[in-house]
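Whatever order the structure lists ligands and atoms in, that order sets their numbers, starting from 1. Since this is a predicted model, take the numbers as computed values, not measurements.
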Amino acid sequence: TLTAKNIHLSFGSNHVLRGIDLHVEKGTTASVIGPSGSGKSTLLRVMNRLIEPDQGDILLDGRSVLKDNPDELRRRIGMVFQQFNLFPHKTVAENISLALRKLRGMSKEKARDEALAQLDLVGLKHKADARPANLSGGQQQRVAIARALAMKPEVMFFDEATSALDPELVNGVLALMTDLAQGGMTMVVVTHEMGFSRNVSDVVTFMDAGVVVESGPPEQLFTNPQTERLQGFLSDVL
Ligand code: ATP
Ligand code: MG
């Protein structure tokens with residue numbers, strides 16, 4: 001269970017997060033939707049402590065993590081971005097095994113075995129010895145997901161993981177994210193994919209201008225939005 005409590009953050013005079021609460025039960029998927037600039041990416045960054053909040057608390061399994069070493073939290077939370085950030089000069093398998101060797105202290109052989117096992121799970125074992133540039137964008141994103149999963153995170157964050165993909169490649173990545181969600185992974189998914197938010201996530205949170213405007217089950221938010229702001233957003237994106 002991951003909880004963000006009353007998170008505030010400013011960049012200079014720009015008060016970007018204005019008292020955000022988010023609660024993600026273990027084994028569930030929370031989707032976060034909202035207009036550009038509403039603070040979604042910043043919230044994810046605060047929740048895995050790439051940025052320290054000005055105020056508020058982050059709890060994992062009921063325990064505040066703000067006093068811990070931030071590296072420890074980042075090991076417990078896997079993160080997948082819009083940009084896949086794969087190392088171009090390494091093979092696909094090396095992209096995954098590198099982190100296992102460095103951060104988990106695995107031997108070269110064991111890290112490669114683990115990398116191959118993760119690639120198998122995302123359907124890309126046959127690409128183990130290819131370079132990222134020789135994969136499609138969708139395949140590269142699945143490698144990035146496999147790399148995050150190889151670290152055996154307790155929670156996965158996705159920030160617009162399909163936004164940089166050609167339309168025909170989006171579904172393969174969404175299918176993988178759906179499998180993960182249905183397999184019981186705890187996930188926070190910032191997305192413009194309203195189909196995923198509506199059909200896969202357990203709880204939807206709509207943010208605007210640094211506040212949570214509405215949060216609840218997808219059926220409730222998508223069929224019966226309570227605020228003009230969410231009604232307006234949905235009529236723009238659906
Ligand atoms: P999008 O849907 O476009 O990705 P978002 O909801 O993820 O938008 P954020 O990237 O979290 O929005 O940005 C929220 C606000 O914080 C914006 O006003 C942005 O300009 C500002 N901001 C984000 N990162 C920084 C930074 N490193 N330094 C200064 N301002 C920032
Ligand atoms: Mg963003």
Side-chain angles (χ1 to χ4, degrees), residues 2-24 29-58 65-66 70-71 73-74 77-86 137-138 140-141 144-145 148 153 155-167 169-170 173-174 177 181 187-198 200-201 203-216 218 221-222 225 227-238:
L2 177 66
T3 304
K5 258 193 187 166
N6 192 30
I7 299 294
H8 283 266
L9 180 88
S10 295
F11 291 113
S13 61
N14 188 4
H15 194 171
V16 171
L17 301 178
R18 299 167 172 255
I20 299 280
D21 290 302
L22 191 75
H23 184 72
V24 189
T29 293
S31 60
V32 180
I33 61 174
S36 184
S38 55
K40 306 179 299 294
S41 297
T42 305
L43 176 63
L44 285 189
R45 290 201 176 91
V46 167
M47 285 201 300
N48 77 355
R49 296 191 65 202
L50 288 169
I51 313 172
E52 296 296 316
D54 298 330
Q55 192 185 318
D57 204 356
I58 299 156
V65 295
L66 285 183
D71 291 338
L73 185 66
R74 282 181 226 131
I77 300 177
M79 180 119 189
V80 176
F81 300 92
Q82 187 173 326
Q83 258 58 45
F84 331 121
N85 303 325
L86 298 174
Q140 291 184 52
Q141 190 59 298
I145 293 171
V155 183
M156 283 286 285
F157 285 179
F158 293 85
D159 191 356
E160 312 275 12
T162 58
S163 297
L165 299 178
D166 292 335
L169 302 176
V170 167
V173 173
L174 288 178
M177 291 167 63
M187 320 213 297
V188 183
V189 180
V190 170
T191 188
H192 288 143
E193 293 290 336
M194 294 301 127
F196 182 92
S197 176
R198 182 167 187 158
V200 181
S201 68
V203 176
V204 184
T205 296
F206 170 62
M207 280 179 69
D208 192 12
V211 298
V212 172
V213 178
E214 289 189 45
S215 185
L221 267 79
F222 283 98
T227 59
E228 270 181 32
R229 279 203 270 182
L230 178 54
Q231 285 160 15
F233 176 75
L234 291 176
S235 70
D236 286 347
V237 297
L238 290 179

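- Every atom of ligand 1 with a heavy atom of Ser38 under 4.0 Å away is listed here by number and element: 6 (O), 12 (O).
- Remark: the backbone N or O of Arg74 is not paired with any side-chain donor or acceptor of Arg49 at under 3.5 angstrom.
- The protein heavy-atom contact nearest to atom 9 (P) of ligand 1 is Thr42 OG1, 3.5 Å.
- Nearest protein heavy-atom neighbour of atom 16 (O) of ligand 1: Val16 CG2, 3.2 Å.
- Geometrically, ligand 1 and Ser41 share a nitrogen or oxygen pair separated by less than 3.5 Å.
- Among all non-hydrogen protein atoms, the one lying nearest atom 3 (O) of ligand 1 is Ser36 OG, 2.6 Å.
- Residue Gly39 places at least one N or O, backbone or side chain, under 3.5 Å from an N or O of ligand 1.
- For atom 14 (C) of ligand 1, the nearest protein heavy atom lies under 4.0 Å away.
- With hydrogens and angles ignored, the 3.5 Å screen pairs a side-chain donor or acceptor of His15 with a backbone N or O of Leu17.
- Each of the atoms 6 (O) of ligand 1 lies under 4.0 Å from some heavy atom of Pro35.
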Chi angles and distances behind the side-chain contact (heavy atoms from CB on, under 4.5 Å) call for Val80, Met156: CA-CA 8 Å; Val80 176; Met156 283 286 285; 3.9 Å; yes
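- Nearest protein heavy-atom contact of atom 2 (O) of ligand 1 is Lys40 NZ, 2.7 Å.
- No side-chain donor-acceptor contact under 3.5 Å links Asp208 and Ser38.
- For ligand 1, the atoms lying closer than 4.0 Å to a non-hydrogen atom of Glu160 are 2 (O).
- Panel note: side chain Lys40, backbone Pro35; a donor-acceptor pair is recorded below 3.5 Å.
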Between Phe158 and Ile145, is a side-chain contact (heavy atoms from CB on, under 4.5 Å) present by the stated rule, with each step listed? CA-CA 9 Å; Phe158 293 85; Ile145 293 171; 3.9 Å; yes
Would you please test Thr205 and Leu22 for side-chain contact (heavy atoms from CB on, under 4.5 Å) and show each step? CA-CA 8 Å; Thr205 296; Leu22 191 75; 3.4 Å; yes
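- Residue Ser41: an N/O/S atom is found under 2.8 Å from the Mg ion (ligand 2).
- In terms of protein heavy-atom proximity, atom 23 (C) of ligand 1 is nearest to Phe11 CE1, 3.5 Å.
- With a 4.0 Å cut-off on non-hydrogen atoms, Met207 does not touch ligand 1 at all.
- With hydrogens and angles disregarded, no donor-acceptor distance shorter than 3.5 Å links the side chain of Ser10 to the backbone of Ser13.
- Under the 3.5 Å distance criterion, the side-chain polar atoms of Glu214 are left unmatched by any main-chain donor or acceptor of Phe206.
- Side-chain contact check for Val213 versus Met207: every heavy-atom pair is 4.5 Å or farther apart.
- Using a 4.0 Å cut-off between heavy atoms, Asn14 contacts ligand 1 through its side chain alone, with no backbone atom that close.
- Remark: ligand 1 atoms within the under-4.0 Å shell around heavy atoms of Gly37 are 1 (P), 3 (O), 5 (P), 6 (O), 8 (O), 12 (O), 14 (C), 15 (C).
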